[in-house]
Amino acid sequence: MDGPSEGFAELKDALRENLAARGVLARFEAAMRAEVFKALDADAQPPPPATRETALVNELIREYLRYNGYGHSLSVFSAEAGLPKDIPEREYISQELSIHPKLYQPQLPLLYGLSFKHRTQANPDRLVRDVDHGSSAIDTAKAAAAVAGLEYAGAEQN
C-alpha cells in the first residue's frame with residue numbers, strides 16, 4: 001500500500017527529472033552557486049573597478065560563454081566579474097578593440113577570431129630564424145606576405 005510519503009517521493013522524483021530534462025534544474029543550481037559566491041564575498045572588499053581593457057576582455061569572455069552554452073560558468077563569472085546586466089553590442093566591442101566589424105564572422109564570438117588570427121599572420125620566430133640563416137630582407141618580407149596571405153608589393157633589390 002502506497003503511503004503519502006511514497007507518493008510524495010515519486011512526485012518529487014518526477015519533478016526533479018522534468019526540471020533536469022528541461023535544463024531548469026541546472027540553471028537553479030548555477031544561480032544558487034552564484035548567490036552563495038556573492039554571500040561569501042559580501043564581507044570581502046569589493047574589487048577595484050575594472051579597467052577599460054579588463055572590461056573588454058570580460059565582455060569577450062561573456063560572449064564566448066554565451067555562444068557555447070556555458071550558462072553555469074557564465075552565471076558565476078558574471079557575478080564574480082561584476083558584469084553589468086546590459087550586454088554591450090558586438091559593434092561597440094569591435095570598435096573599442098579597433099576591429100573592423102566585417103573582419104570576423106558575425107555568428108562566431110570575437111574571441112575566436114582574435115585567438116586564431118595568428119594562423120594567417122607571419123610567425124615572428126620563423127622570420128627571425130630566416131634572417132639569422134642569411135635570407136635577404138626581401139626574401140623575409142616575401143615570406144611574411146605569403147604567410148599572411150598577401151602578395152609582396154615591395155621594391156626588388158638588384
Side-chain angles (χ1 to χ4, degrees), residues 15-133 135-155:
L15 181 60
R16 179 181 297 276
E17 286 176 22
N18 182 283
L19 292 174
R22 294 183 306 141
V24 174
L25 188 59
R27 285 193 301 272
F28 282 155
E29 290 170 346
M32 181 63 76
R33 280 192 296 273
E35 290 302 321
V36 167
F37 176 77
K38 285 180 191 176
L40 292 174
D41 276 357
D43 296 334
Q45 293 290 334
T51 65
R52 177 179 165 272
E53 291 79 11
T54 299
L56 288 169
V57 170
N58 286 346
E59 291 303 333
L60 290 171
I61 294 169
R62 178 182 1 209
E63 181 189 35
Y64 167 81
L65 293 173
R66 288 181 67 210
Y67 173 81
N68 284 292
Y70 298 149
H72 311 310
S73 298
L74 178 58
S75 68
V76 174
F77 176 70
S78 295
E80 187 173 8
L83 294 179
K85 298 241 185 254
D86 295 330
I87 300 171
E89 295 289 325
R90 179 184 173 109
E91 289 77 25
Y92 170 77
I93 297 169
S94 294
Q95 181 180 0
E96 290 296 305
L97 294 171
S98 299
I99 298 171
H100 191 279
K102 302 213 189 278
L103 184 61
Y104 301 124
Q105 297 176 10
Q107 68 272 22
L108 292 176
L110 287 170
L111 193 54
Y112 279 110
L114 294 170
S115 297
F116 295 107
K117 175 182 174 182
H118 298 286
R119 283 186 174 177
T120 60
Q121 290 183 340
N123 179 342
D125 293 332
R126 189 178 118 212
L127 295 179
V128 169
R129 190 175 58 245
D130 289 348
V131 170
D132 288 344
H133 287 94
S135 296
S136 73
I138 298 293
D139 290 339
T140 302
K142 286 179 180 177
V147 171
L150 304 171
E151 188 174 322
Y152 175 74

### Query
When rounded to the nearest 0.5 angstrom, what distance separates OG in S78 from CG in L83?
4.5 Å
### Query
For R33 and H72, which heavy atoms make the closest approach, and how far apart are they?
NH2-CB, 3.5 Å
### Summary
CE (M32) and OG (S75) are apart, to the nearest 0.5 Å, by 12.0 Å
### Query
If you round to the nearest 0.5 Å, how far is OH of Y67 from CG of L110?
12.5 Å
### Query
Is there a donor-acceptor pair closer than 3.5 Å between any side-chain N or O of R66 and the backbone N or O of L74?
no
### Contact check, side chains of R62 and P109, non-hydrogen atoms, under 4.5 Å
no
### Minimum-distance pair of heavy atoms, taken over all atoms of N58 and A81
ND2-CB, 3.9 Å
### Query
How far does CG of L114 sit from CG of L97, to the nearest 0.5 angstrom?
6.5 Å
### Query
Should Y70 and F77 count as side-chain neighbours, where that means a heavy-atom distance under 4.5 Å?
no
### Query
For R16, does the CZ atom sit with more than 12 other heavy atoms under 6.0 Å from it, leaving out its own atoms?
no
### Task
Taking the side chain as every heavy atom from C-beta outward, state whether V57 and I61 have any atom pair closer than 4.5 Å.
yes
For residues 86-93, which side-chain N or O atoms pair as donor and acceptor with protein atoms under 3.5 Å away, sequence neighbours left out?
residue, atom, partner, partner atom, Å
R90, NH1, E63, OE2, 3.0
R90, NH1, L108, O, 2.6
R90, NH2, Q105, O, 3.2
R90, NH2, L108, O, 3.2

